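Keep in mind it's a predicted model, so treat the numbers as computed, not measured.
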Amino acid sequence: MRVCVHPQETGAAGQEKMLDIRYLRENLEEAEKRLKTRDEGIDLSPFRELDERRRALLKEVEGLKERRNRTSEEIGRLKKEGRDASGLIAEMQEVSARTKSLDREVAECEEGLRDLLLNIPNLPHPSVPVGRDDNDNIVVRVEGEKPGFSFTPKEHTEIGESLGIIDFERAGKLAGARFALMKGAGALLERALINFMLDLHTREHGYREVLPPFMVKSECFVGTGQLPKFEDDQFKIEGWDHYLVPTAEVPVTNIHREEILNEATLPIYYTAYTPCFRKEAGSYGKDVKGLIRLHQFNKVELVKFVAPETSYDELERLTADAEEVLRRLGLHYRVVLLCTGDTGFSSAKTYDLEVWLPGQGTYREISSCSNFEDFQARRAGIRYRPGGAKPRFVHTLNGSGLAVGRTLVAILENYQCEDGSVVVPEALRPYMGGLEKIEKMG
RNA sequence: GGAGGGUUAGCCUAAUUGGUAAGGCAGCGGUCUUGAAAACCGCCGGGUUAACGCCCUUGAGGGUUCGAGUCCCUUGCCCUCCGCCA
């Protein structure tokens, strides 16, 4: 069901909620306890007072409005009959003034509530392990095996630069640190990966391909949860209300913002390629070299809109769809269930896929698959009508399928040969004009 | 960038000089029917309430007014034309 902070603002206020206000009112202690498993600093204590004050104000102002409505009609009748209504009009002038000032108080009160609510993360699902950070995540399965090497495997930066397919130096000249310039077979490989992933998801997994705008309005960012809390991570377009998308999740989830979907159309599966733009504020010194952490990278995303009862089954299937990319590419990986402290702001439950990188001797995140339950749907106003009944919020999910740059890293490191060349995984060869091996050009 | 037109509930469409949102379609429930259709009845934006009721809702935000879909200002989006442009 839809809930509004302020009944007069059915559009705006309704979308700016995260948790059901009625749930909070009735279960404040429980909610705070559960949220504290994600973040000790969460404090819901201002909620009670704001909520009660708002309701008291509404009671008074609505009473006044009722009187005003009735009297105004009476005035209309009197005037039509040619009788004098000046006494009533004078009376209503006062009521009107009082109403206006009360309305302002209500608005202030609701702004406080919004500030509070918009910054509260989603409740973690009961199956999510309680923990502080990534040390408390749980490896739920491991697929494939680490490749063996008869030599010491190199990191992708070294492989890519010596093959002449990645040029970090000139990328720096163009755009500074954390950008890459892909060249020749490197650029082709990146493009092949995008096409391979989109084809797999559209032809075999039932997703519909979309190509959204790469910059969208701020309200979309509020809808999916990047705003207001994570403004610092976003690239804003100067003089516009637009931001560059940090993930296709933002434009694709918001395709159905403020819509009531026909139940028969659910579930809806979309896949989209977009570049992703992130400031990476606060990651200074982390992954400064290579393709791992860039201000701009490519990603193929999977997004689902589903009926609430099905969303956890859908999460398992979405994760499997992302895993299939790694399987087809012959890459060893593991699936990690994130703990409460490591799960993203909007998500109720998240699996990360971590691919093995022999050059670095470590697993790195290459996909993140989440069920947001109705958190985003509530903020973005995405509903469906179950069997002609009242509209209900859908559940939304998404996952990377996959991060393209990191997949390219994994291929370079896992398929490298002693002579510095890189074997092209068979699944990609049709996308690369039959190329079997990337070798240094003369 | 300039000029003009538009925006009403899931969709489509009304609403004298300002007087308190009328219909239709789709959908849901029911009557009728062997079943279905048709016809007929009810429901069919949000909030609140045990219920009656009350408040809010004409893209958004302000203003004027006792009272605004209607008048004024700001603004989002869509369409047409001009200019510019891949």
Side-chain angles (χ1 to χ4, degrees), chain A residues 1-17 20-26 51-111 113-114 117 213-223 237 239-243 251 254-266 268 305 374 377-394:
Chain A
M1 109 202 50
R2 176 140 189 204
V3 177
C4 294
V5 168
H6 188 184
Q8 297 169 3
E9 298 171 9
T10 53
Q15 80 200 358
E16 291 174 9
K17 298 282 310 308
D20 187 332
I21 199 162
R22 238 178 303 187
Y23 168 81
L24 275 185
R25 195 175 291 149
E26 287 159 19
D51 183 51
E52 279 169 10
R53 180 168 146 72
R54 169 177 165 268
R55 289 204 283 171
L57 284 167
L58 278 181
K59 196 175 167 190
E60 185 182 354
V61 76
E62 286 188 1
L64 285 178
K65 284 177 178 173
E66 180 187 358
R67 194 173 146 207
R68 187 190 63 190
N69 289 345
R70 283 190 204 287
T71 310
S72 289
E73 270 185 271
E74 176 67 17
I75 290 169
R77 264 197 302 277
L78 289 176
K79 284 202 158 184
K80 206 169 266 178
E81 295 166 11
R83 294 162 64 188
D84 175 57
S86 55
L88 285 177
I89 288 175
E91 205 179 310
M92 283 309 103
Q93 281 172 340
E94 275 175 50
V95 171
S96 218
R98 172 73 180 144
T99 301
K100 201 169 279 187
S101 104
L102 279 174
D103 269 338
R104 259 192 290 274
E105 279 188 68
V106 171
E108 274 170 36
C109 190
E110 293 186 342
E111 202 179 317
L113 260 183
R114 261 196 297 278
L117 293 172
F214 299 160
M215 57 174 89
V216 296
K217 295 188 281 184
S218 61
E219 61 190 28
C220 297
F221 283 71
V222 174
I237 310 295
W240 289 53
D241 182 42
H242 292 59
Y243 292 79
N254 280 283
I255 286 174
H256 296 298
R257 67 177 284 105
E258 298 300 324
E259 287 185 18
I260 298 178
L261 301 165
N262 188 327
E263 186 181 23
T265 65
L266 297 180
I268 296 171
F305 301 80
D374 67 2
R378 195 180 294 281
R379 293 168 74 112
I382 309 168
R383 297 174 292 172
Y384 76 110
R385 199 181 290 281
K390 276 197 166 189
R392 250 183 109 187
F393 290 113
V394 301

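- Comparing the P positions of rG63(B) and rA14(B) gives an interatomic distance of 31 Å, to the nearest angstrom.
- Of the residues in residues 86-93 of chain A, those lying under 4.0 Å from RNA chain B by heavy-atom distance are I89(A), M92(A), Q93(A).
- In this structure, NZ of K65(A) is placed 12 Å from C1' of rC54(B), rounded to the nearest angstrom.
- A salt bridge between R383(A) and E259(A) is absent, with no side-chain N of the basic residue lying under 4.0 Å from a carboxylate O of the acidic one.
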All N/O pairs under 3.5 Å across the protein-nucleotides 14-22 of chain B interface:
from    : atom 1 : to     : atom 2 : distance (Å)
rG19(B) : N2     : S72(A) : O      : 2.7
rU20(B) : O4     : S72(A) : O      : 3.2

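- For Y384(A), there are no ring pair (Phe, Tyr, Trp, His ring centres under 6.0 Å) partners two or more places apart in sequence or in a different chain.
- Contacts of E108(A) classified as side-chain contact (heavy atoms from CB on, under 4.5 Å), with partners at least two apart in sequence or in another chain: none.
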Can you give me every donor-acceptor pair (side chain of residues 84-96 of chain A, partner residue at least two apart or in another chain, under 3.5 Å) with its distance?
from   : atom 1 : to     : atom 2 : distance (Å)
D84(A) : OD1    : S86(A) : N      : 3.3
D84(A) : OD1    : S86(A) : OG     : 3.0
D84(A) : OD2    : S86(A) : OG     : 3.0
E91(A) : OE2    : R67(A) : NH2    : 2.9

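- Straight-line distance between the P atoms of rC32(B) and rG24(B): roughly 24 Å, to the nearest whole Å.
- One finds a side-chain N or O of R22(A) lying less than 4.0 angstrom from the OP1 or OP2 phosphate oxygen of rU48(B).
- Pairs of Watson-Crick or G-U wobble type, with distances under 3.5 Å, assemble into runs of 3 or more in RNA chain B at these ranges: B:1-7 with B:76-82, B:10-12 with B:23-25, B:27-31 with B:39-43, B:45-48 with B:53-56, B:59-63 with B:71-75.
- At whole-Å resolution of the value, CG in D241(A) and C1' in rC77(B) are 13 Å apart.
- Taking atom P on both rA68(B) and rC56(B), the two are 10 Å apart, rounded to the nearest angstrom.
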